[in-house]
Amino acid sequence: MWGRFESLAEPDFHLLNPLAGQWAADILSTRIASLDIRIEIKNKDNVFVQLVCSIQYRVVKENADNAFYEQQNPNEQIQAYVFDVVRALVPRMTLDELFEQKGEVANEDI
């Protein structure tokens, strides 16, 4: 009430009483979203490689209040994490190693 997170409304018809301090602050989708990130980085062979990373993410319903109030721009946050992981991993690989181990690069924890 009055700006505090109370609940996540499931898809249905809902009535809000603005006189009692109830209103919908915004809509937060819990669907899976996709973010394509293009990175150009130099590898161990001194060759510039252009990578396209496709990230799929979604808001976990149990953490919806954190996702709404704590993350101002989640796409930029995800992009920064991906850049950090790629910058730490790719410069240590040759072009052949990068091509052979692209599955390992894709599964690297962020």
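Closest of all the heavy-atom pairs between Arg87 and Ile41 is CA-CD1, 3.5 Å. Taking both residues in full, the closest heavy atoms of Val90 and Leu51 are given as CG2-CD1, 3.9 Å, listed atom of the first, atom of the second, then distance. The two atoms that bring Met93 and Glu97 nearest to each other are CA-OE1, 3.3 Å, heavy atoms only. Closest of all the heavy-atom pairs between Glu40 and Gln50 is OE1-NE2, 3.9 Å. Annotation for Asp36 and Ser54: closest pair OD1-OG, 2.8 Å, computed over non-hydrogen atoms. Taking all atoms of both residues into account, the shortest heavy-atom contact from Ile37 to Ile55 is CD1-CG1, 4.1 Å.
A distance of 10.5 Å separates CZ in Phe83 from CD in Glu76, rounded to the nearest 0.5 Å. Rounding to the nearest 0.5 Å places CD of Gln56 at 9.5 Å from CG of Leu35. Atom OG1 of residue Thr94 and atom CD of residue Gln101 lie 8.0 Å apart, to the nearest 0.5 angstrom. How far CG of Leu95 is from CG of Asn46: 12.0 Å, rounded to the nearest 0.5 Å. Here the CG atom belonging to Asp84 is positioned 11.0 Å from the CD atom belonging to Gln79, to the nearest 0.5 angstrom.
Pro91 places none of its side-chain heavy atoms less than 4.5 Å from the side chain of Asn43.
The main-chain N or O of Val47 is never found under 3.5 Å from a side-chain atom of Asp45 such that the two would form a donor-acceptor pair.
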